[in-house]
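Quick notes on the structure that follows.
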Amino acid sequence: MDKEIIIGLLLPFLGTSLGAAMVFLLKDNLSTTIQKILTGFAAGVMVAASFWSLLQPALEGSEHLGELAFVPVAVGFLIGIGFLLFLDEVTPHMHMDNEEEGSTSNLKRTTKLILAVTLHNIPEGMAVGVVYANFINGNELISSAGALALAIGIAIQNFPEGAIVSMPLRAEGMPKTQTFFLRSTFGRG
C-alpha cells in the first residue's frame, strides 16, 4: 500500500491520540465553557468535512441521473442515519452529561463512555475508508488531496474530542496512562 494512503488512514488516529494525551497536561476536569468550545469546534469541522469530502463528491458522482442526482445520496445518507440510530438503541452507552442510553447493562460508567465515543467514530472511520478505497480504485471524483483533506479534517476534529472524552475518564478515577490508551485505542476515527 502506498505510504501516502497509510499516512491518510492513520491521521484520524493521530488526532485522537494527541487529544487524549492532553490528560497528561491538563487538570483532571475541563470547565464547561472549554468543553463547549472544543465540542463546537469539533462539530463545525466535522460538518465541513462531511459535506466537502463526502456529500459533494457523491452528488457529483450521480450527476448523470439529472434531476434525480440527489436520490442515491439522500438514500445513502438516510440508511447511515438509520444504522447509527439502531446502534444507539442497542449499544449501552453514556453521554458526557451522565445520561445513559441503549440497552440496559451492568457495564461500568467508563466502559459506557468508551462505547459512546466508539459509536460516534464508526461513521468517521467508514468515511475515511470509503474515500481512500474510491481513490485507490481510480474514482476520478476523489483525488489524493481530497482524501487527505478528509483525513486531516477528521484528525483536527478528533483532537478536541480526544481531550474532552479523556478528561471524564480521568475524573472517574482511571489512571492517566490507562485513560490515554483506552481513548486512543477504542475511540479513534
_Minimum side-chain heavy-atom gap I154-L11 below 4.5 Å_ = no
*Measure the CZ-OG1 distance between F180 and T177 for me, rounded to the nearest 0.5 Å.*
9.0 Å
*Heavy-atom pair with the smallest gap, counting every atom of G153 and V45*: O-CG1, 3.0 Å
*Sort out for me which residue in M174, K176, Q178 forms a side chain to side chain contact (heavy atoms under 4.5 Å, CB included) with V23.*
K176
_Non-hydrogen atoms of S103 and P92 that approach each other most closely_ = O-CB, 3.2 Å
*Please examine the side chains of P123 and L84, heavy atoms only from C-beta on, and report whether any two atoms are closer than 4.5 Å.*
yes
*Is T91 reaching over with its side chain to a backbone N or O of D88, donor-acceptor style, under 3.5 angstrom?*
no
Please tabulate, for the side chains in residues 63-70, all donor-acceptor contacts under 3.5 angstrom to protein atoms that are two or more places apart in sequence or on a different chain.
| unit_1 | atom_1 | unit_2 | atom_2 | d |
| --- | --- | --- | --- | --- |
| H64 | ND1 | G61 | O | 3.3 |

*asked:* Nearest 0.5 angstrom please: I81 CD1 to F77 CZ, how far?
replied: 4.0 Å
*Out of curiosity, I7 CD1 to I152 CD1, how far, rounded to the nearest 0.5 Å?*
10.5 Å
*Look up atom CD1 in I142 and atom CD in E60, then write down how far apart they are to the nearest 0.5 Å.*
8.5 Å
*Heavy-atom pair with the smallest gap, counting every atom of P12 and N158*: O-ND2, 3.2 Å
*Rounded to the nearest 0.5 Å, how far apart are CD1 of I79 and CZ of F86?*
14.5 Å
*Do F51 and V47 touch side chain to side chain, with heavy atoms closer than 4.5 Å?*
no
_As a quick check of understanding, evaluate side chain to side chain contact (heavy atoms under 4.5 Å, CB included) for V130 and F135, giving each step before the final call._
CA-CA 9 Å; V130 165; F135 170 69; over 6 Å; no
*Of all heavy-atom pairs between P160 and F41, which one has the smallest distance, and what is that distance?*
CG-CD2, 3.8 Å
_For a quick test of reading the model, state the closest non-hydrogen atom pair linking G8 to L148 and the distance between them._
CA-CD1, 4.5 Å
*Does one hydrophobic cluster hold both L150 and W52, with members joined at side-chain heavy-atom distances below 4.5 Å?*
no
*Do F159 and L14 come within less than 4.5 Å of each other through their side chains, counting heavy atoms only?*
no
_Taking atom CZ as the centre, does F83 end up with more than 12 heavy-atom neighbours from other residues, nucleotides or ligands that are less than 6.0 angstrom away?_
no
*Establish whether L55 and V71 are linked, either directly or via other cluster members, by ILVMFWY side-chain heavy-atom contacts under 4.5 Å.*
yes
*Decide yes or no on side chain to side chain contact (heavy atoms under 4.5 Å, CB included) for V131 and N134, but give the supporting numbers first.*
CA-CA 5 Å; V131 168; N134 274 288; 5.9 Å; no
